[in-house]
Amino acid sequence: MRYTDYDIIDFLSDEFFIQWVKRPDKNTRHFWEKWMQQHPEKRETVLEAASIIRSVKYAHSIGLSDEMYVETFETIIKAGNQKSGNEPKIESWFSFYPLRNIAAIAILCFCGWMVHYHMIVGVEPVKPVLTEEITVFRSVPPGKRSVITLADSSRVYLNSGSEIEYPKAFSQGVRWVRLKGEAFFEVRKNGHSFSVFARSTEIKVLGTSFNVKEDKTNLSIALLSGKVQVNDQKGNQVQLNPAEMLEIEGDGKFSKTGFDPLEVTGWKDKILVFRSASFEDVKVKIENWYGVDLKLMGKVSENWKYSGMYKDENLENVLRGICITSGLRYKIANRNITIYNPN
């Protein structure tokens with residue numbers, strides 16, 4: 001079931017939701033804040049469920065563990081979902097009062113008792129401790145690339161035209177970055193998870209190497225080593241194994257495929273790769289790689305494709321290689337490139 005289909009009972013029994021309310025960290029806080037922005041119609045239900053959960057969390061509590069907490073709610077819900085075939089009167093009464101409402105009443109009574117208990121003994125509620133993190137913003141202009149070493153010694157290769165935000169220091173083992181654009185990650189394994197947030201999607205890993213590319217409409221995650229778990233804003237979870245790539249379209253549809261490591265990640269080693277690329281793909285790659293504007297005068301065939309590979313090559317040599325094999329011509333004027341068909 002997706003979070004959009006949840007009602008208050010579902011939220012009260014969801015372990016990830018309870019973790020956000022009781023022990024929020026950067027990952028859960030970011031996910032639920034973004035999720036509520038995407039689904040404002042659920043905000044009231046979410047806040048009501050959170051209020052109920054918080055009402056039973058006090059200092060010097062009577063020792064209700066997280067496991068007991070979740071188990072208590074699940075037991076109440078499961079009990080409410082069981083129908084009795086031998087007691088028609090009770091079943092008839094249940095049909096008048098929906099089972100889930102009965103479960104909700106039971107939970108509210110339980111929470112109310114906990115609140116009453118602590119009010120009687122005069123225990124002050126625990127106040128959440130807020131920590132301020134110093135975050136770093138880095139951006140790379142078109143035509144440039146950068147390598148960033150994070151506080152845990154993980155390395156991030158940031159492609160041209162990309163932006164990244166990350167904490168100056170990872171507090172309490174919480175490791176995260178926020179990405180816009182494309183980056184290759186070499187995550188150092190230290191026992192704590194590492195999350196990359198891109199387009200309302202979380203990519204969660206331990207120690208691994210992978211590429212994340214976000215453009216105006218799509219998001220792709222290509223895994224070279226280790227394992228990756230991807231959580232999208234709709235509550236879907238997908239795991240990737242090495243040599244697998246997940247592509248998420250703008251409407252939320254996703255697919256898992258294989259990929260050419262050199263084509264996808266060669267950029268970090270200054271290798272520009274074209275594999276049966278259309279003219280539009282060639283145009284976008286050249287503009288991003290060299291920080292120029294490229295336009296086409298005239299037309300090229302709809303079936304026009306180009307394949308080639310260049311290692312740390314200058315712009316003119318790349319243009320010369322493309323044009324020689326396809327019968328086109330080019331002109332360079334400062335940062336403006338014109339490709340035209342002489343025929």
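Hydrogens, waters and symmetry mates are skipped; everything else that's a heavy atom, side chains included, is used.
- Side-chain contact between R175 and N190: present, with at least one pair of heavy atoms (C-beta onward) separated by less than 4.5 Å.
- Heavy atoms only, all atoms of each residue included: P242 and G226 are closest at CD-O, 3.3 Å.
- Atom CG of D293 and atom OG1 of T338 lie 10.0 Å apart (nearest 0.5 Å).
- Applying the side chain to side chain donor-acceptor pair (under 3.5 Å) test to E163 and every residue at least two apart in sequence or in another chain returns nothing.
- Checking side-chain atoms of S307 against main-chain N and O of S276 turns up a donor-acceptor pair under 3.5 Å.
- Between A151 and A169, the shortest heavy-atom contact is CB-CA, 4.1 Å.
- With values rounded to the nearest 0.5 angstrom, I164 atom CD1 is found 11.0 Å from S139 atom OG.
- I271 meets the side-chain contact (heavy atoms from CB on, under 4.5 Å) test with L262, D269, V273, M309, K311; sequence neighbours excluded.
- Side-chain rings of F31 and F16 approach one another, their centers coming within less than 6.0 Å.
- By the 4.5 Å heavy-atom criterion applied to side chains, D10 and D5 are not counted as neighbours.
- Through ILVMFWY side-chain contacts below 4.5 Å, I324 is grouped with nothing and stands alone.
- Applying the ring-ring contact (aromatic ring centres under 6.0 Å, His included) definition to pairs two or more places apart or across chains, those involving residues 199-253 are F185-F210.
- Connectivity analysis of hydrophobic side chains (ILVMFWY, heavy atoms under 4.5 Å, direct or indirect) links F137 to nothing; its cluster partners are none.
- Here D7 contributes atom CG and T45 contributes atom OG1; the two are 8.0 Å apart, rounded to the nearest 0.5 Å.
- Using a 4.5 Å cut-off between side-chain heavy atoms of Ile, Leu, Val, Met, Phe, Trp and Tyr, with links allowed through other members, V264 and L219 fall into different hydrophobic clusters.
- The side-chain heavy atoms of K305 and S278, taken from C-beta on, include a pair separated by under 4.5 Å.
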May I have the list of side-chain donor-acceptor pairs in residues 194-204 shorter than 3.5 Å, sequence neighbours left out?
{"from": "S195", "atom 1": "OG", "to": "N27", "atom 2": "ND2", "distance (Å)": "3.3"}
{"from": "S195", "atom 1": "OG", "to": "E202", "atom 2": "OE2", "distance (Å)": "2.7"}
{"from": "R199", "atom 1": "NH1", "to": "D215", "atom 2": "O", "distance (Å)": "2.9"}
{"from": "R199", "atom 1": "NH1", "to": "K216", "atom 2": "O", "distance (Å)": "3.3"}
{"from": "R199", "atom 1": "NH2", "to": "T217", "atom 2": "O", "distance (Å)": "3.3"}
{"from": "E202", "atom 1": "OE1", "to": "N231", "atom 2": "ND2", "distance (Å)": "3.3"}

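- With rounding to the nearest 0.5 Å, the separation of NZ in K268 from CZ in R155 is 9.0 Å.
- Atom-to-atom distance recorded for F279:CZ and Y306:OH is 12.5 Å, nearest 0.5 angstrom.
- A distance-only check finds a donor-acceptor pair linking the side chain of S160 to the backbone of N288 [under 3.5 Å].
- Linking Ile, Leu, Val, Met, Phe, Trp and Tyr residues whenever their side-chain heavy atoms come within less than 4.5 Å places V212 and Y166 in a single cluster.
- Looking at heavy atoms from C-beta onward, L179 lies out of side-chain contact with V156 at the 4.5 angstrom threshold.
- Closest non-hydrogen pair, T325 versus G321, comes out as OG1-O, 3.2 Å.
- Proximity of L206 to K227: side-chain heavy atoms (C-beta onward) are nowhere separated by under 4.5 Å.
- Legend: residues meeting side-chain contact (heavy atoms from CB on, under 4.5 Å) with W289, ordered by chain and number and at least two apart, are R145, W267, L272.
- The shortest distance between side-chain heavy atoms of I337 and I286 does not fall below 4.5 Å.
- Cluster annotation: I248 is connected to L223 through the hydrophobic network of ILVMFWY side chains, with a link wherever side-chain heavy atoms come within less than 4.5 Å.
- Using a 4.5 Å heavy-atom threshold, the side chains of S193 and Q229 count as separate.
- Legend: side chain to side chain donor-acceptor pair (under 3.5 Å) pairs involving residues 238-266, not counting sequence neighbours, sorted by first then second residue: D260-R275.
- Taking hydrophobic clusters as Ile, Leu, Val, Met, Phe, Trp and Tyr residues chained together by side-chain heavy-atom distances below 4.5 Å, L224 does not share a cluster with L240.
- Tracing side-chain contacts under 4.5 Å through hydrophobic residues (I, L, V, M, F, W, Y), one reaches Y290 starting from L294; they form part of the same cluster.
- For K144, the side-chain contact (heavy atoms from CB on, under 4.5 Å) criterion is met by V140, P141, not counting sequence neighbours.
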V282 and W304: side-chain contact (heavy atoms from CB on, under 4.5 Å), yes or no, with the steps?
CA-CA 11 Å; V282 169; W304 190 95; 3.9 Å; yes
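- Partners of E287 according to the salt bridge (charged side-chain N to carboxylate O under 4.0 Å, His left out) rule, which considers only residues two or more places apart in sequence or in another chain, are K283.
- Few gaps surround CG on N314; more than 12 heavy atoms of other groups in view lie less than 6.0 Å from it.
- Contact check for V230 versus F254: no side-chain heavy atoms found under the 4.5 Å cut-off.
- A donor-acceptor contact shorter than 3.5 Å is absent between the side chain of S153 and the backbone of T149.
- Interatomic distance, L150 CG to S154 OG, rounded to the nearest 0.5 Å: 5.5 Å.
- For the pair K285 and F274, the cation-pi test (distance below 6.0 Å, angle within 45°) is passed.
- Partners of R188 by side chain to side chain donor-acceptor pair (under 3.5 Å), not counting sequence neighbours: none found.
- Residue pairs meeting the ring-ring contact (aromatic ring centres under 6.0 Å, His included) criterion with at least one member in residues 310-343: none, sequence neighbours excluded.
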